[in-house]
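Read through the structure below, which is laid out as structure tokens, and then see the notes.
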Number of protein chains: 2
Amino acid sequence: MSPRRSDPNIRTGLVDAAARLLAEHGPRALSARRVATEASSSTMALYTHFGGMSGLVRAMVREGFVRLEQHLSAVGATDDPVADMALLGRAYRRNALANSHLYSVMFGGSSLAGFSLSEEDRQAGRYTLLHAVECAIRCSAAGRFSAIHPELTASQMWIAVHGLVTLELGGYLIDPLGADRCFEAQLVGLMIGAGDEPEAATRSVAASEQRLEHMR
Amino acid sequence: MSPRRSDPNIRTGLVDAAARLLAEHGPRALSARRVATEASSSTMALYTHFGGMSGLVRAMVREGFVRLEQHLSAVGATDDPVADMALLGRAYRRNALANSHLYSVMFGGSSLAGFSLSEEDRQAGRYTLLHAVECAIRCSAAGRFSAIHPELTASQMWIAVHGLVTLELGGYLIDPLGADRCFEAQLVGLMIGAGDEPEAATRSVAASEQRLEHMR
DNA sequence: CCCGTTCGCATAACGATGTCATGAATCCGG
DNA sequence: CCGGATTCATGACATCGTTATGCGAACGGG
């Protein structure tokens, strides 16, 4: 009833080849034939495993969320929750820059040919917010953030960092006010906007920068 | 030296048809043949006027920036510059929601098939910041914002509102913390982060909401 | 142990796509 | 009124996503 023979690495080989093509040659190189050739298989394997090109893109999006989750999970909890929150933002941005094309597909609307995210995909994206929510709760418990609605605070963090990353990837943030400078200012501004004291926020953000260097 | 016969409305007819197809049938319907048919012409007209599909998309992006500029220009200067700034944010978001597909192309990275923005296009996008910069200067002059670097302040506004609009268009902001609620909270938070007093910021943001209803 | 069944995937085809070569039709400067 | 220049319609590529067809390999019952 279930004779399957060569499953193990064709699936991952296809999505890996697709991710590599996307990263190295841009969205234009994402063709079914080229992906199949790169993975040493045929286009039909792509259809038996993913049901079409959009299914493969969806698999890539899920892979992108897995990588984002890994980056965020690498941020531990210390006794300075505001620094933890800033580090979450840095990890988010680092992941987006390291997987920029993937990130564009994950959040870049449905521009890519004939593909639109499912509600399940979006929910996977929203799950990444849980790290920030938990951290916001810790910030409130430590008396750093105003205690009202940590989920709203976490959403503000997400929205702001996402907006910066998107404009950065689009090439809109240039020299006098480059992405780095805007990002640092934004982190401090977010913490202050969430209720933290200006000096404490500045210190915590600076401390998070130190910790980022030591990560991974 | 310049024998042109039927220029007047073929160009605009093509870009209008493209914009209509994009808005009504999604990015998938943006085919050279279909645009040409819709505009009652041939695909070659598209090449003589725009040099290819990417040129037409670029023209659409410019049209998108023109519409954004119109929305922002409709925001006048009153004696409450913070309310003006909030209204700029509202106008930005209103334009993005009214021209969502166009906005996705303008800022959605290079996802759309074989198209990437030129530096000129990006500069056109950055010009829209000037409204916010001028308004930030007025906010500082009125003693509402801290006077240091209004351009950085304006960038923060842009980044945050852009991030919210992007996630909203992507369908990521849903019910308990929907886009409307996040947006209102974000406007207040931005003004406070820029140096305004909490109560004054709340009042100005609320006043800007009133003014939006009366616009256009 | 062996064979029928069942699935995986390679081949090849189809419609549609972006792009360009060709050529007819048209306008402008002289 | 004419000749060079320019617009655009036609048709031909190469390539795209997708699918029908068919072969070969892996399981399960005897």
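Letters go in sequence order (proteins before strands), and every chain restarts at 1.
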For DNA chain C, which residues in residues 33-42 of chain B have a heavy atom at a distance below 4.0 Å? R33(B)
Nearest to the side chain of T43(A), heavy atoms from C-beta on, is which of dC8(D), dT11(C), dT19(C)? dT11(C)
Separation of atom [atom1] in [X] from atom [atom2] in [N], rounded to whole Å:
| X | N | atom1 | atom2 | result |
| --- | --- | --- | --- | --- |
| L46(A) | dA10(C) | CG | P | 11 Å |
| L30(A) | dC16(D) | CG | P | 11 Å |
| L56(A) | dT18(D) | CG | C1' | 14 Å |
| R28(A) | dT17(C) | CZ | C1' | 10 Å |
| H49(A) | dC9(C) | NE2 | P | 4 Å |
| Y47(A) | dT19(D) | OH | P | 6 Å |
| M44(A) | dG8(C) | CE | P | 10 Å |
| L14(B) | dT7(D) | CG | C1' | 13 Å |

Counterpart residues, side chain to side chain contact (heavy atoms under 4.5 Å, CB included), relative to A74(A) (two or more places apart): M215(A)
Can you name the residues that form a side chain to side chain contact (heavy atoms under 4.5 Å, CB included) with S118(B), not counting sequence neighbours? R58(B), E120(B), D121(B)
SB check R90(B) E213(B) (cutoff 4.0 Å): no
Where at least one partner belongs to residues 150-162 of chain A, residue pairs that pass salt bridge (charged side-chain N to carboxylate O under 4.0 Å, His left out), sequence neighbours excluded: none
OP1 or OP2 of dG8(C) under 4.0 Å from side-chain N/O of T48(A): no
Give one of base, sugar-phosphate or nothing for M53(A), where a contact means two heavy atoms less than 4.0 Å apart. sugar-phosphate
Set out, in order, the CA-CA distance, both residues' side-chain angles and the distance that settles side chain to side chain donor-acceptor pair (under 3.5 Å) for Q123(B) and R126(B), then state yes or no. CA-CA 5 Å; Q123(B) 194 57 38; R126(B) 284 187 279 261; 3.1 Å; yes
In residues 127-134 of chain B, what donor-acceptor pairs under 3.5 Å come from side-chain atoms, sequence neighbours left out?
from, atom 1, to, atom 2, distance (Å)
T128(B), OG1, G125(B), O, 2.6
H131(B), NE2, E69(B), OE2, 3.4
E134(B), OE2, R138(B), NH1, 3.4

Going by the rule side-chain hydrogen bond (donor to acceptor under 3.5 Å, both in side chains), which residues pair with S204(B) if we only count those two or more places apart in sequence or in a different chain? D80(B), R144(B)
